[in-house]
Amino acid sequence: MRAKIVAGNWKMNKTLQETEALLAELSAMLPDSQAEVIVAPTFVNLQAAQAALQGSTIQVAAQNMHFAENGAYTGEISADMLLSLGVDIVILGHSERRAYFGEDDALLAKKVKTAIAKGMKTIFCFGEELEERKSDKHFEVVESQLKNALSDLDADAWKQVILAYEPVWAIGTGETASPEQAQEMHAFIRKTIAGAYNSTVADNVSILYGGSVKPGNAAEIFSKPDVDGGLIGGASLVASDFVEIIKGI
Ligand code: PEP
């Protein structure tokens, strides 16, 4: 059975002290849930987050990483650096990385390949822009994003992949895909994977929805059969909101 997951992407938010405070608050409020809970603080606070969460079921992820083993890549972070901190989950392909830092499918394919080879779990983000949805190209766009970045993976590697469908028009905008729109796309994604691999791979991969998930809409979105949880931005920065979202699973 595939995992239910709620992951918080903290983006470029929270100082060291704020990270520790938010994690303390979250740990104290964490409900019993069938969902795996993941938080992704900024790189510089990963070590502190790991220390703060010792003995907790909350897992820590990085928000990005480089594809190379090591070398002259000023300012970059390698898989081994993350693993040396005990961080074995990485978010790749977030729309902000694509839009502001020029990350394209070809680069993401290399990053995913490295993460998988290093034994890491990858939360792979993708999703269409508003114009693409308006012009009815959303299925085509999503299919090509998946194909371009993930088609080199063998069936076994998919055990390390978590997908996050995040329509760009719903990220940080307050506008959410309707539960029906999310279900429709998630079912399409699962069908695409079944076609490219087989139904076992498709049935076992967790597909998260991301885009303005809030305490008020989480449960309805998560109730859809192909929605296995959420990748949460803004609402993951407030412990009580994140906890309410986790309770929505
Ligand atoms: C995100 O950035 O992955 C995201 C879903 O953000 P928000 O929840 O703020 O829309």
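Every number for a ligand or one of its atoms is a count from 1 in the order of the listing. Everything quoted here is computed from the prediction, not taken from an experiment.
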Just need the protein heavy atom nearest to [atom], so name the residue and atom and give the distance.
atom	value
atom 9 (O) of ligand 1	G234 N, 2.9 Å
atom 2 (O) of ligand 1	K11 NZ, 2.4 Å
atom 1 (C) of ligand 1	H94 NE2, 3.2 Å
atom 8 (O) of ligand 1	G233 N, 2.8 Å
atom 3 (O) of ligand 1	E166 OE2, 2.7 Å

Close approach, G230 and ligand 1, non-hydrogen under 4.0 angstrom: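 The answer is no: ligand 1 sits nowhere under 4.0 Å from a heavy atom of G230.
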
[X] with [Y]: basic N within carboxylate O range, under 4.0 Å:
X	Y	answer
E128	R133	yes
E140	K137	no
E180	K224	yes

Geometric N/O contact K214 with ligand 1, under 3.5 angstrom: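 No, K214 has no N/O under 3.5 Å of an N/O on ligand 1.
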
N/O separation below 3.5 Å, G172 to ligand 1: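 Min N/O separation from ligand 1 is below 3.5 Å for G172.
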
Contact partition for S236 relative to ligand 1, non-hydrogen atoms under 4.0 Å: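 Within the 4.0 Å criterion, S236 makes no contact with ligand 1.
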
What donor-acceptor contacts under 3.5 angstrom involve side-chain atoms of residues 37-47, with partners at least two apart or in another chain?
unit_1	atom_1	unit_2	atom_2	d
N45	ND2	K14	O	3.2
N45	ND2	T19	OG1	3.2

Side-chain donor or acceptor of Y197 paired with backbone N/O of S199 under 3.5 Å: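 No, because the side chain of Y197 does not come within donor-acceptor range (under 3.5 Å) of the backbone of S199.
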
All ring-ring contact (aromatic ring centres under 6.0 Å, His included) counterparts of F242, not counting sequence neighbours: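 F242: no ring-ring contact (aromatic ring centres under 6.0 Å, His included) contacts found.
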
Member of R98, K110, K147 meeting the salt bridge (Lys or Arg N to Asp or Glu O under 4.0 Å) criterion with D105: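 Answer after filtering R98, K110, K147: R98.
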
